[in-house]
Participant: 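Here it is, the structure, as structure tokens.
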Protein chains: 2
Amino acid sequence: MSVNSTHKDALFKLQHAGISNTSRRLAVLSILLKAKKPLNVSTIRRLLEGKCNIDKVTVYRTLSLFRKRGIIREIATTSGANYFEIASQENSLHPHFSCRNCGEITCLDPLSFTHAAKLIFSKHDYSIDHIEINISGLCTCCRNSSKKSFYKQEE
Amino acid sequence: MSVNSTHKDALFKLQHAGISNTSRRLAVLSILLKAKKPLNVSTIRRLLEGKCNIDKVTVYRTLSLFRKRGIIREIATTSGANYFEIASQENSLHPHFSCRNCGEITCLDPLSFTHAAKLIFSKHDYSIDHIEINISGLCTCCRNSSKKSFYKQEE
DNA sequence: TAATTATTGCAACTCGGTTGCATTTTTGAT
DNA sequence: ATCAAAAATGCAACCGAGTTGCAATAATTA
Ligand SMILES: [Mn+2]
Ligand SMILES: [Mn+2]
Ligand SMILES: [Zn+2]
Ligand SMILES: [Zn+2]
């Protein structure tokens with residue numbers, strides 16, 4: 001995919017999500033579109049060096065906005081930093097493999113969820129220590145009471 | 001389960017894992033054994049208040065040791081703090097639900113992995129935003145080259 | 001154009017987690 | 001019991017991820 005087509009794709013995505021296309025947002029989104037694997041903020045900033053002057057706060061705010069609008073997915077790790085990847089029909093929900101040694105995160109086949117589980121255990125080249133399934137949303141308690149909101153209110 | 005039986009259970013677990021049983025380790029392990037859901041470090045420390053003088057560094061080192069010996073599991077979240085729970089045959093690998101509002105983490109049925117997936121989507125009381133499958137271990141690259149180890153060497 | 005609103009940068013901060021080092025406790029051999 | 005070696009703990013200082021308040025700038029809209 002050429003640089004130009006990535007740029008067009010980013011522009012379209014922003015427009016489609018009703019987000020005004022600023023230089024910073026286009027830059028961040030383009031990085032994620034070109035990425036072959038999930039990226040953390042420090043990596044995003046490194047890839048942005050030279051191309052675009054952008055404060056770290058802006059990167060966080062941009063990613064947060066993208067996530068709320070469903071443009072990107074956030075991936076939890078135990079390493080401290082969260083990772084981000086494009087969320088789209090072409091890049092549907094899939095398992096991730098993260099290496100305990102180098103910390104790199106690889107995307108696994110986006111097969112159907114149940115089908116993926118079987119594959120994870122059989123056909124792979126990784127030595128697996130640990131499998132984690134994290135589901136997030138609203139618990140029944142919090143769904144019923146709109147009052148207490150200790151955590152994240154927005155969305 | 002009585003306090004005494006929890007204490008005995010903790011003692012047994014330490015002994016079985018070849019970890020010398022100190023007062024701090026027993027205290028931390030007992031907290032996790034009594035817990036009904038995964039706990040983060042700040043919660044563990046709060047539950048420890050009064051019962052046992054323990055530095056935060058010691059809690060982290062203790063949990064790290066437990067994890068390396070397979071006594072506990074570490075659960076990643078996007079919220080910054082990691083969570084910990086007892087890992088045993090009785091408490092086998094299972095999905096987790098984390099509420100976007102209150103941040104609380106609930107353990108879901110430890111059904112077989114593939115079977116669980118179906119249930120997650122159908123029979124539940126949560127409103128689901130996001131499902132995440134994280135698998136960790138060693139990538140092929142890192143398995144073959146024992147040289148470069150940018151991340152976590154130990155285990 | 002002028003007023004309004006949205007975006008960005010900067011500084012300062014919070015919080016989770018780590019590291020180095022000195023002190024205390026435990027272990028284990030004599 | 002005694003003493004030396006090793007392990008566990010606490011303390012302080014630190015690092016990195018992520019957030020908040022606010023002022024400055026850029027983009028919209030009237
Ligand atoms: Mn992915
Ligand atoms: Mn659990
Ligand atoms: Zn690796
Ligand atoms: Zn909740």
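Numbered from 1 within each chain, the chains take letters A, B, ... in sequence-line order.
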Participant: Drop me the distance from B:S64's OG to B:E74's CD, to the nearest 0.5 angstrom.
Facilitator: 8.0 Å
Participant: How long is the gap from NZ on B:K13 to CZ on B:F66, to the nearest 0.5 Å?
Facilitator: 10.5 Å
Participant: B:L63 has an atom CG; how far is it from atom P of D:dA8, in whole Å?
Facilitator: 15 Å
Participant: Are any protein N/O atoms closer than 3.5 Å to N/O atoms in nucleotides 26-29 of chain D? If there are, list each pair with its distance.
Facilitator:
none

Participant: B:Q15 has an atom CD; how far is it from atom C1' of C:dT27, in whole Å?
Facilitator: 16 Å
Participant: Between D:dA17 atom C1' and A:N40 atom CG, what is the distance in whole Å?
Facilitator: 10 Å
Participant: Side chain of A:R25: nearest nucleotide among C:dG9, D:dG10, C:dT8?
Facilitator: C:dT8
Participant: To the nearest 0.5 angstrom, please state how far the SG atom of B:C52 sits from the CG atom of B:L47.
Facilitator: 12.0 Å
Participant: State the CG-OG distance between A:N40 and A:S79, to the nearest 0.5 angstrom.
Facilitator: 7.5 Å
Participant: Of all the heavy-atom pairs spanning A:N134 and B:A76, show the shortest one and how long it is.
Facilitator: ND2-O, 3.0 Å
Participant: Rounded at 0.5 Å granularity, tell me how far CZ in A:R69 sits from CG in A:L14.
Facilitator: 10.5 Å
Participant: Report the distance from atom OG1 of B:T6 to atom NZ of B:K34, rounding to the nearest 0.5 Å.
Facilitator: 5.5 Å
Participant: Measure the distance from CG on B:L26 to C1' on D:dT9 and round it to the nearest whole Å.
Facilitator: 15 Å
Participant: Would you kindly give the OH-to-C1' distance between A:Y83 and D:dG18, to the nearest whole Å?
Facilitator: 15 Å
Participant: Taking B:R24 for its side chain and B:N53 for its backbone only, find out whether a donor-acceptor pair lies under 3.5 Å.
Facilitator: yes
Participant: Please report, rounded to the nearest Å, how far the C1' atom of C:dT25 is from the CG atom of B:N53.
Facilitator: 15 Å
Participant: When the nearest nucleotide of DNA chain C is assigned to B:A81 and to A:I54 on a heavy-atom basis, which residue is associated with the more 5' position?
Facilitator: A:I54
Participant: How long is the line joining CZ of A:R46 and P of D:dA17, in whole Å?
Facilitator: 11 Å
Participant: Would one find a side-chain N or O of B:Y60 under 4.0 angstrom from OP1 or OP2 of C:dT18?
Facilitator: no
Participant: Summarise protein proximity over nucleotides 11-16 of chain D in one line of letters, 5' to 3': B for base, S for sugar-phosphate only, - for none, counting protein heavy atoms closer than 4.0 Å.
Facilitator: BB----
Participant: Starting at CG of B:L14 and ending at C1' of C:dT27, how long is that distance when rounded to a whole Å?
Facilitator: 17 Å
Participant: Think B:N82 has a side-chain N or O under 4.0 angstrom from the OP1 or OP2 of C:dG17?
Facilitator: yes
Participant: Would you say the side-chain atoms of B:S30 pair up with the backbone N or O of B:L26, donor to acceptor, closer than 3.5 Å?
Facilitator: yes
